[in-house]
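Note on naming: letters A, B, ... go to the chains in the order of the sequence lines (proteins, then strands), and numbering restarts at 1 for each one.
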2 protein chains.
Amino acid sequence: MAQSRYGPRERMVFSAAQLIRRDGVAATGMRDVAALAGAPRGSLQHYFPGGKEQLVNEAVAWAGRYAGKRVARFVADLDQPTPSGLFAAMAAQWTDEYRVDGFAAGCPVAAATVDRASSGSSTREAAAGAFAAWRGPVAEALTGMGVPAARADPLATLMISTLEGAILIARAERDVHALDTAVRELGPLLDAAAGRS
Amino acid sequence: MAQSRYGPRERMVFSAAQLIRRDGVAATGMRDVAALAGAPRGSLQHYFPGGKEQLVNEAVAWAGRYAGKRVARFVADLDQPTPSGLFAAMAAQWTDEYRVDGFAAGCPVAAATVDRASSGSSTREAAAGAFAAWRGPVAEALTGMGVPAARADPLATLMISTLEGAILIARAERDVHALDTAVRELGPLLDAAAGRS
DNA sequence: TCCACTCTATGACCAGCGTCATAACACCCG
DNA sequence: CGGGTGTTATGACGCTGGTCATAGAGTGGA
């Protein structure tokens, strides 16, 4: 995990996101983050003088940007770009991970929201920003597939809502069927919005 | 909160669920639970010799049973029972709470899943059981509304997935629009499954 | 060479947690 | 009345976490 390809600061943010999405925010220790990143503990206070809150916020924001960029790649990889195809690709990212690596981890943004939404901390705003950074590219991709502009944003919200919930249930049940079901049931609705308005 | 209507044990389980859904599992202290329940700390070790894990598991199971029973009440209160009406009622429970009491709390089962899904603890199984105790009545209600038996369970899973995700986003954004959107976009799909098979 | 500056490294502190140990109280049956 | 059982009440222990303080390396410019 101590790849020199990325700087130590980026490695720590990445490691924090990894641990948060597996254990939750509260259960993720600063010492663990440093250890996973192969960085000394002292570097944490150097790069993140705002303490754990700053580190968590950056990890959440990073996750949001990552998810947003991923959407563009999904669209590019589709033979025939359809809303259901995009949604299936988004869900497949999770089913693949769960089948290969087990159900250890979930979405870091969800973890941060559940753990820090109360206690008026800034982490809640970071989570909201992450969702926005994710929803934007999805809505954009939908319009590019023929979805009317007025429906693109609501449908993007619906897609992310359903995906997040399905991730949750899949993790609880240690079974990807909730994700598969979401794709199967929601696909036709999404394509219908693209075909004829 | 120290109502003598319920026994101290039940009050502690209830208080635990309340705190968990607001702060998460890890951030919920045993002392806080006892204080909220108006019970002495010593009673915790008396009623829950299994420690925090047992208390959390019972709180999660209680939440699942509560959600399941709630579904039957929703159906009974509907003038014309339709799948979309049921889903709207389920979502309204959350929008109402958020409008009145603010966005402090989420779903305790989701909190337990995010916080304890790793670390092969028994809490994950409790969460899976809670989702099952919730999905069952929903699927049953759907069949009662004319949804074919084969579609009832997948649609119930879809409803709960979407609702959970929308709760998450609403809490992060401090805005109920994700919940409203879910109801608006998913309603027609649900009713279509009930109308003609 | 010396000196700033960035980054690394480590030890210490305090607060909070879950848990344990132990006692006191209440109540009822014998 | 006495003793036992279920419950309440409180103090202490061990541990872990985030943070602070301080010092040690490395590096580049004057």
Using a cut-off of 6.0 Å, state whether more than 12 heavy atoms not belonging to B/E140 lie near its atom CD. no

Identify the residue among B/R65, B/K52, B/R9 that makes a salt bridge (Lys or Arg N to Asp or Glu O under 4.0 Å) with B/E58. B/R9

For B/S161 and A/I169, the nearest pair of non-hydrogen atoms, with its separation, is OG-CD1, 3.5 Å

Would you check, one step at a time, whether the test side chain to side chain contact (heavy atoms under 4.5 Å, CB included) holds for B/Y98 with B/D175? CA-CA 8 Å; B/Y98 285 159; B/D175 191 322; over 6 Å; no

Output the rounded distance in Å from CZ (A/F48) to P (C/dC7). 12 Å

Run the side chain to side chain contact (heavy atoms under 4.5 Å, CB included) check on A/R124 and B/R174 step by step: do they pass? CA-CA 9 Å; A/R124 203 215 84 248; B/R174 287 193 177 277; 3.3 Å; yes

note: A/K52, atom NZ; C/dG16, atom P; distance rounded to Å ~ 15 Å

DNA chain D nearest-nucleotide lookup for A/P49 and A/A27: closer to the 5′ end is A/A27

When you compare the side chain of A/L86 with that of A/M145, does any pair of heavy atoms fall below 4.5 Å? yes

Is there any protein nitrogen or oxygen under 3.5 Å from a nitrogen or oxygen in nucleotides 4-14 of chain D, and what are the pairs?
unit_1: D/dT7; atom_1: OP2; unit_2: B/H46; atom_2: NE2; d: 3.0
unit_1: D/dT8; atom_1: OP2; unit_2: B/S43; atom_2: OG; d: 2.6
unit_1: D/dG11; atom_1: N7; unit_2: B/R41; atom_2: NH2; d: 3.4
unit_1: D/dG11; atom_1: O6; unit_2: B/R41; atom_2: NH2; d: 2.6

Tell me: CZ of A/R9 to P of C/dT6, nearest whole Å? 15 Å

C/dA12 C1' sits how many Å from A/M30 CE, rounded? 17 Å

To the nearest angstrom, the CD-P distance between A/Q54 and D/dT19 comes to 10 Å

In whole angstroms, the gap separating P of D/dT19 from CG of A/L44 amounts to 10 Å

